[in-house]
There are 2 protein chains.
Amino acid sequence: MHVLKRGVPRVVDAEVRRRAVVDALFRVVRREGVEQASLRNVADEAGLAIGSVRHYFDSHDELLVFALRELEERVEVRMRAGVERISAAGTSGERGPLVEALLGELLPLDADRHDESVIWLAFVTAARTRPSLRPSALRLHQGVRMIVGKVLAGAVSYGALPADLDLDVERERLAALLDGLAVTAVLQPDLTTPEVMTAVLRRHLAELAR
Amino acid sequence: MHVLKRGVPRVVDAEVRRRAVVDALFRVVRREGVEQASLRNVADEAGLAIGSVRHYFDSHDELLVFALRELEERVEVRMRAGVERISAAGTSGERGPLVEALLGELLPLDADRHDESVIWLAFVTAARTRPSLRPSALRLHQGVRMIVGKVLAGAVSYGALPADLDLDVERERLAALLDGLAVTAVLQPDLTTPEVMTAVLRRHLAELAR
DNA sequence: ATTTAAGTAGCACGACCATGCTACAAACGA
DNA sequence: TCGTTTGTAGCATGGTCGTGCTACTTAAAT
């Protein structure tokens, strides 16, 4: 009945294990899609027995939910770092490239972020018919729009963008553009190269600045 | 050995039946996602026995491929009609709204096109890991970009858009915007209303025209 | 040293899946 | 009229799935 503190290393191990299982899950999803991310396939990929995976995740659904939260966190960390980098830049002249870099973090410009985008699209589309995934999917959606909104508002306040912009419309427009680029890069990677994506993003930002 | 013409009505019936099965498939996909579109579920939805469905489609995969081709055709028909409407409009003054309407055909602005977009996204993401669906997915991708490219080039030639536009970049930008709007409308329909989508599209076209 | 908990593993069950195959009815061509 | 094709239906097989459950091992706690 005593719910006191236990041996320390155990807890750490548990967290590491959960992370390892999630990484295995991500590899399966990237390679074969969410529908193939069964407990069996994930356990195999992680080099564990199916029962071991279930020790850390009570159900298949819980594993998926946890994995999507993990993805959420990774994106959030990268965004937060980008925002801080912009805040640290004093003069407005330096901010342009930093804004482009921040928004570029949402695009699959390198192999890691490509994989991340693949997993993002897989989970977020799965969330349409899986209620347990919807909260995370919604947070990701809103998070991107919040970042984009802040960036635009900040640029206006610095005089980098005209003050008469309809920020609600511009936020949705830029967010949809980023989503669209990521989606096409995931679905047709041969046709949507990093160069194309950066050119499109740069053009969009330049045009916003008139 | 005689491969001659058979009784006429049979062929018609067969085509009608295949269409009915595909419609049932679309309803299942819309409601529960591609992963639930098993032969059993589709047969139930169509009110047929599983064996009957298999009489028209030799395999599950063939059914999916046929269904995606059907979707391809529907989109193509609507696009062709829109293009003709633009070609029929003589003066350049009338073309603006027609262009907006044509590109709007690619957005889920009403219930029917919303369903169509849901199915589009489901199939096209499934195509990432299903080789048999890739050709259709690629054609849809290229088709949209061809239409968008023609529209932009036409607008330039009519003087409605500045001649110094980088059409390759603008084509990808507008196509990604349309894809992104459709995706977010499918995944977060409550947050991405038809009004938002039309406002974003209108704004983009207006800005292109400088 | 003994108890307690956590980690690992695997079996068994019921459900669902695609597909090969057979059977029967209706309609058509000869 | 007979035989062939076409539509409809259902059975059996082999596979994958999530999950409940049990067993064994390791290590920490008392």
Send over the distance from [X] [atom1] to [N] [atom2], rounded to a whole Å.
X       : N      : atom1 : atom2 : result
B:Glu35 : C:dC17 : CD    : C1'   : 14 Å
B:Leu48 : D:dG10 : CG    : P     : 11 Å
A:Leu63 : D:dC17 : CG    : P     : 14 Å
B:His60 : C:dC16 : NE2   : C1'   : 13 Å
A:Arg17 : C:dA6  : CZ    : C1'   : 12 Å
A:Asp61 : D:dT19 : CG    : C1'   : 13 Å
B:Phe57 : C:dC17 : CZ    : C1'   : 19 Å
B:Ile50 : D:dC11 : CD1   : C1'   : 11 Å

In this structure, are over 12 heavy atoms from other groups packed under 6.0 Å from A:Arg80 atom CZ?
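Counting other residues, nucleotides and ligands, CZ of A:Arg80 stays at 12 neighbours or fewer.
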Over 12 foreign heavy atoms within 6.0 Å of CZ, A:Arg69:
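Result for CZ/A:Arg69: open.
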Check the phosphate of [N] against [X], side-chain N and O only, distance under 4.0 Å to OP1 or OP2. Yes or no?
X       : N      : result
B:Ser38 : C:dC17 : yes
A:Tyr56 : C:dT8  : yes
A:Asn41 : D:dC17 : yes
A:Ser52 : C:dA9  : yes
B:His55 : D:dG7  : yes

May I ask you to say whether B:Glu70 pairs ionically with B:Arg18, meaning some side-chain N is under 4.0 Å from a carboxylate O?
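Looking at B:Glu70 and B:Arg18, the cut-off is not met.
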Could you tell me whether A:Asp168 and A:Arg173 have a side-chain N and a carboxylate O separated by less than 4.0 Å?
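Salt bridge flag = no for A:Arg173 with A:Asp168.
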Scan A:Glu100, A:Glu195, A:Glu207 and name whichever one has a salt bridge (Lys or Arg N to Asp or Glu O under 4.0 Å) with A:Arg202.
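The option that passes is A:Glu100.
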Give the angle between the helix axes at the two ends of the helix from C:dA1-D:dT30 to C:dA30-D:dT1, taking five base pairs at each end and rounding to 10°.
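Computed angle between terminal axes is 10°.
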Check step by step if side-chain contact (heavy atoms from CB on, under 4.5 Å) holds for B:Arg85 and B:Leu102.
CA-CA 9 Å; B:Arg85 242 176 280 129; B:Leu102 169 65; over 6 Å; no
Whether the A:Thr184 and B:Asp179 side chains hold a donor-acceptor pair (N or O, under 3.5 Å, no angle test) is what I'd like checked.
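No donor-acceptor contact under 3.5 Å links the two side chains.
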Please state whether the base of D:dG7 and the side chain of B:Arg54 form at least one donor-acceptor pair under 3.5 Å?
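No, the side chain and the base share no sub-3.5 Å donor-acceptor pair.
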Most 5' of A:Arg40 and B:Arg40 on DNA chain D, judged by nearest nucleotide:
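By nearest-heavy-atom nucleotide position, the 5'-most residue is B:Arg40.
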